[in-house]
Visitor: 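A single structure is presented below for examination.
The analysis underlying the following values was restricted to heavy atoms, covering all of them including side chains, and did not include hydrogens, waters or symmetry mates. Note that ligands are numbered from 1 as they come in the structure, with each ligand's atoms numbered from 1 the same way.
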Amino acid sequence: MPAPSPRPRAEVVIDLDAIRHNVRILTGCAAASGAATMAVVKADGYGHGALEVARAALQAGVSALGVCSIDEALALRHGGIDAPVLAWLHAPGEDLAAGVAAGVDLGVYSIGQLDTVAAAAAVLGRAARVHLKVDTGLSRGGACRAQWPSLVRAARAARGVEVVAIWSHLAHADDPEHPFIERQVRHFEEAYQVARDAGLTPLRHLANSAATLSRPDLHYDLVRPGIAVYGLSPVPGVDYHLFPAMTLRSQVALVKRVAPGEGVSYGHVWHADRETTLALVPVGYADGVPRALTGRLDVWLAGRRCPVVGRVCMDQVMVDCGDAPVTEGAEVVFFGSGQGGAPTAAEWADKLGTIHYEVVTGMVRPRVARTVRGRRPAALNPLGSDPIGLDRCGARGAR
Ligand SMILES: *Cc1c(COP(=O)(O)O)cnc(C)c1O
């Protein structure tokens, strides 16, 4: 057996200090308007590792966690997390009772779901905590205007059901001055009044990352930031002093000189126009480096940007290093914090015509290791104050 490689061939490195820094910005922002913070850790913490991110976020001051599915919530419970967890999107046949049994808060969109939850509460002999969702114009989940009054009345009447909150989700939060936001807010306020008139006194929550950072007037009782927790700006072009927590990196597996005119990788779509050094990096589209980035991708290698040349293959790419001295085993960063001008997930997203959310959530791959840095026992983590968070709060960008 060969000696094990000192580093994985491909890995995402997750920086929990960055997560805590970002969370302090968000909780500072929310606290300034009297709101609590729920860190959203769905989709395995946007590809960063839900359990590790959840622990770091709780250390840094969030009071609750948000996920999509009950399975995701149960995984947090099994990991020892006893903070409030809200699971908000259920497919037919999913085990809502398991959520109630584990003390998971459940998003409820319809009377059918409410009945299922109430039945589970009766069987289990414990109260089900529900967050009623109103569709205020995203036209996705939640009860429409016509169904809302009956949902609210049914929830008020249901035995064993505690209505913790009403909530909704914005369609244009990443454009903080968009006029549709005001329409959704008016609808949300009406929905709240309907709930009050039915005898409920629920909390309210509406804001994702973008609204948390740019619209303090929409914080209500609780904010639900996701992407900003991971250090990626939710409003294109606005810098909130967040720090990206994920780095995708690999290492040089082979170095070779090629002569002018040599074609490189499948189809020879690139030819060397001079004698140059090529580095083979053992990461390809099976590891999350999109083939669509062929000809448009740079990596950070030997302290500078170098282009990936020729087609991106399933398992590998070739990097043109010019005459830089490059050795096997040298670190190659595909994206990360962007410090020094290195590529970022946002840059990939721009080139791909997508959003950085998709880039980072796509990095859960069987051949890509995940290395977590900055783990701390809770007792050793006194909460620091973060003046940056309050400074940046309310910035809507130059629109
Ligand atoms: C994913 C999600 C969020 C977090 O959104 P970000 O834009 O990542 O901050 C908040 N609320 C709901 C309902 C979501 O689905």
Side-chain angles (χ1 to χ4, degrees), residues 19 22-23 25-27 29-30 35-48 50 53-54 57 62-70 72-73 76 84-91 104-109 113 130-143 164-176 178 181 184 188 191 203-216 218-236 238 240 242 244-246 345-346 349 354-362 389 392-393 397:
I19 297 281
N22 301 326
V23 164
I25 289 176
L26 292 159
T27 54
C29 212
T37 302
M38 166 185 286
V40 178
V41 298
K42 62 191 180 188
D44 202 11
Y46 290 44
H48 295 64
V53 171
V62 309
S63 50
L65 300 163
V67 292
C68 177
S69 71
I70 289 174
E72 290 176 318
L76 294 175
V85 177
L86 170 61
W88 54 58
L89 178 54
H90 319 297
V104 172
D105 290 18
L106 298 172
V108 165
Y109 300 6
Q113 278 182 342
V130 304
H131 297 230
L132 301 178
K133 184 169 192 185
V134 55
D135 179 2
T136 56
L138 181 57
S139 303
R140 231 173 54 175
V164 177
I166 71 162
W167 64 292
S168 193
H169 199 42
L170 296 170
H172 293 280
D174 59 343
D175 184 359
H178 197 287
I181 294 174
Q184 288 197 262
F188 192 53
L203 301 175
R204 284 175 286 182
H205 51 96
L206 179 65
N208 63 357
S209 295
T212 299
L213 289 164
S214 67
R215 295 291 304 257
L218 305 185
H219 285 176
Y220 294 100
D221 301 296
L222 178 72
V223 296
R224 305 188 308 264
I227 197 73
V229 168
Y230 307 96
L232 302 175
S233 176
V235 182
V238 183
Y240 293 102
L242 303 167
M246 179 188 287
T354 183
I355 51 177
H356 43 32
Y357 295 67
E358 187 178 3
V359 172
V360 292
T361 54
R392 296 304 299 170
C393 203

Visitor: Between W167 and W88, how do the two ring planes meet: parallel, tilted or perpendicular, split at 30° and 60°?
Guide: tilted

Visitor: Any donor and acceptor pair, going by atom type alone, linking the side chain of Q184 with main-chain N or O of H169 inside 3.5 Å?
Guide: yes

Visitor: Can you name the closest pair of heavy atoms from L106 and L86 and give their distance?
Guide: C-CD1, 3.8 Å

Visitor: Considering only protein heavy atoms, which is closest to atom 9 (O) of ligand 1, and at what distance to one decimal place?
Guide: S209 OG, 2.5 Å

Visitor: Of all the atoms in ligand 1, which lie at a distance below 4.0 Å from a heavy atom belonging to I227?
Guide: 6 (P), 8 (O), 9 (O)

Visitor: Return the CZ to NE2 distance between R224 and H131, rounded to the nearest 0.5 Å.
Guide: 10.0 Å

Visitor: Determine, step by step, whether T212 and T37 satisfy the side-chain contact (heavy atoms from CB on, under 4.5 Å) criterion, reporting the C-alpha distance in whole Å, the side-chain angles of both residues, the deciding distance to 0.1 Å, and the verdict.
Guide: CA-CA 9 Å; T212 299; T37 302; over 6 Å; no

Visitor: Does any N/O atom on G226 come nearer than 3.5 Å to any N/O atom on ligand 1?
Guide: yes

Visitor: Suppose I only count heavy atoms of W167 and a 4.0 Å limit; which atoms of ligand 1 are within that range?
Guide: 13 (C)

Visitor: Judged by atom type as modelled, is there a donor-acceptor pair below 3.5 Å linking the side chain of S233 to the main-chain atoms of V238?
Guide: yes

Visitor: Give me the residue, atom name and distance of the protein heavy atom closest to atom 7 (O) of ligand 1.
Guide: Y357 OH, 2.6 Å

Visitor: Which atoms of ligand 1 have any heavy atom of W88 under 4.0 Å away?
Guide: 2 (C), 11 (N), 12 (C), 13 (C), 14 (C), 15 (O)

Visitor: Output the list of atoms in ligand 1 that are nearer than 4.0 Å to some heavy atom of Y46, sorted by atom number.
Guide: 1 (C), 4 (C), 5 (O), 6 (P), 8 (O)

Visitor: Which protein heavy atom lies closest to atom 10 (C) of ligand 1, and at what distance to 0.1 Å?
Guide: R224 O, 3.4 Å

Visitor: Out of all atoms in ligand 1, which are within 4.0 Å of some heavy atom of P225? Include the element for each.
Guide: 9 (O)

Visitor: Between Y230 and H48, how do the two ring planes meet: parallel, tilted or perpendicular, split at 30° and 60°?
Guide: tilted

Visitor: Can you pull out the closest protein heavy atom to atom 1 (C) of ligand 1? Residue, atom name and distance to 0.1 Å, please.
Guide: K42 NZ, 1.4 Å

